[in-house]
Q: 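The structure follows.
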Amino acid sequence: MLKKPMTTPQKIALGYFVILAFVAGLNYIPGFKDDQGLICGVFELDIADDLLHLGSALWAFLGAILSRRAAVFYLIAFGAIYLGDGLLGLATGSGYLDLGIWRWGVQDLSFGFKIAANTPHIVLGGVAFLSGLKFRRA
C-alpha cells in the first residue's frame, strides 16, 4: 500500500508540533530559566501552560498525520485561538487561554513586557491562521 506524501499544510502542522513540544519542555531544559524562574528572562510558564502547549502540540501532530483537511482545520482553529489570546494579552496584559483575563483582569504592565510576552502567540497564531486560510481552497 502506497502512502501519499504529506501536503504542505500537513508539513506546517508538523512544524507546529515540533515548536509547541519544544515550548512545552522549556521549563525542563537547562539554560532557559533564569534565577527568578523566568523563561528567557521574560515570562514564567507553569504546569498548566506546559500542558496547554503539549495539548496544542498533540493536536498539531494529529492534524499533520490524519489528513490535509485535518491539518488545515488545525491551522485555522489553532491560529484563531492563539492569535486572539495574544492580541488580548497585548491589549490588557491578560490572555484567556490561561484564564488570566478572568483571574487577574486588566493588568498594568509595561507595553514592552506585553509585547515580549504576547509576540509568540501573535506570531504563531497569525502564521497558522493565514496558512490555514491560504490552503483552505488550494
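Worth knowing before you read on, the calculation uses all heavy atoms, side chains too, and leaves out hydrogens, waters and symmetry mates.
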Q: NZ/Lys11 to CZ/Arg68 distance, rounded to the nearest 0.5 angstrom?
A: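 Rounded to the nearest 0.5 Å, the NZ-CZ separation comes out at 12.5 Å.
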
Q: Does any donor atom in the side chain of Tyr82 or Ser56 lie under 3.5 Å from an acceptor atom in the other side chain?
A: yes

Q: For the residue pair Ala57 and Ala21, what are the closest heavy atoms and their distance?
A: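 Smallest heavy-atom distance, with atoms named: CB-N, 3.6 Å.
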
Q: Side chains of Leu14 and Met6: does their closest heavy-atom pair fall under 4.5 Å?
A: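 Contact flag for Leu14/Met6 side chains = yes.
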
Q: Do the ring planes of Tyr74 and Trp59 sit parallel (below 30°), tilted (30 to 60°) or perpendicular (above 60°)?
A: perpendicular

Q: Please determine whether residues Val18 and Phe61 belong to a single hydrophobic cluster, defined as Ile, Leu, Val, Met, Phe, Trp and Tyr linked transitively by side-chain heavy-atom distances below 4.5 Å.
A: yes

Q: What's the spacing between Ile47 CD1 and Asn27 CG if we round to 0.5 Å?
A: 8.0 Å

Q: Answer yes or no: is there a donor N or O on one side and an acceptor on the other, between the side chain of Ser94 and the main chain of Gly105, under 3.5 Å?
A: yes

Q: Do Phe17 and Leu62 make a side-chain contact, defined as non-hydrogen atoms from C-beta onward lying under 4.5 Å apart?
A: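 Sidechains of Leu62 and Phe17: no contact.
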
Q: State plainly whether one hydrophobic cluster holds both Leu133 and Val123, where clusters connect Ile, Leu, Val, Met, Phe, Trp and Tyr through side-chain heavy atoms under 4.5 angstrom apart.
A: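 Leu133 and Val123: one cluster.
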
Q: Grab the two heavy atoms, one from Val106 and one from Ile101, that are nearest each other, plus how far apart they are.
A: N-CD1, 4.4 Å

Q: Distance from Leu109 atom CG to Leu90 atom CG, nearest 0.5 Å?
A: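 So the gap between those two atoms works out to 11.0 Å.
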
Q: Compare all side-chain heavy atoms of Phe135 with those of Thr7 and state whether any distance is below 4.5 angstrom.
A: no

Q: If we only count heavy atoms from C-beta on, is the Leu20 to Leu54 side-chain gap below 4.5 Å?
A: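 Heavy-atom side-chain distance check fails, nothing below 4.5 Å.
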
Q: Count I, L, V, M, F, W, Y as connected when their side-chain heavy atoms are under 4.5 Å apart, and connections chain through other members. Are Ile19 and Ile122 then in the same cluster?
A: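 No; tracing contacts between hydrophobic side chains, which count when under 4.5 Å, never links both residues.
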
Q: Do Val127 and Tyr16 come within less than 4.5 Å of each other through their side chains, counting heavy atoms only?
A: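 Heavy-atom side-chain distance check passes, below 4.5 Å.
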
Q: Working to the nearest 0.5 angstrom, can you tell me the gap between Lys134 NZ and Thr8 OG1?
A: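 It comes to 8.0 Å.
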
Q: So how far is it from Thr92 OG1 to Asn118 CG, rounded to the nearest 0.5 Å?
A: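 Atom-to-atom, Thr92:OG1 and Asn118:CG are 8.0 Å apart.
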
Q: Within the structure provided, determine whether Leu83 and Leu87 are in side-chain contact (heavy-atom separation under 4.5 Å).
A: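 They are in side-chain contact.
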
Q: State yes or no: do Leu88 and Phe111 share one hydrophobic cluster built from I, L, V, M, F, W and Y residues joined by side-chain heavy-atom distances below 4.5 Å, directly or via other members?
A: no

Q: Considering all heavy atoms of both residues, which atom of Ala116 and which atom of Pro120 are nearest to each other, and what is their separation?
A: O-CD, 3.5 Å

Q: Tell me, do Asp98 and Leu52 make a side-chain contact under 4.5 Å, heavy atoms counted?
A: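 They are not in contact (no side-chain heavy atoms under 4.5 Å apart), so the answer is no.
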
Q: Closest heavy-atom contact between Gly79 and Ala128?
A: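 Scanning both residues completely, I find the closest heavy atoms to be CA-CB, 3.9 Å.
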
Q: Hey, does Trp102 have a side-chain heavy atom less than 4.5 Å from the side chain of Leu99?
A: yes

Q: Grab the two heavy atoms, one from His53 and one from His121, that are nearest each other, plus how far apart they are.
A: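 So the two residues come closest at NE2-NE2, 3.9 Å.
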
Q: Step by step, would you call Phe129 with Leu75 a side chain to side chain contact (heavy atoms under 4.5 Å, CB included)?
A: CA-CA 6 Å; Phe129 185 71; Leu75 292 169; over 6 Å; no

Q: Just by modelled atom types, is the Phe73 backbone N or O under 3.5 Å from a matching donor or acceptor in the Arg136 side chain?
A: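 A pair under 3.5 Å: no.
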
Q: Roughly how far, to the nearest 0.5 Å, is CG of Leu124 from OG1 of Thr119?
A: 10.5 Å

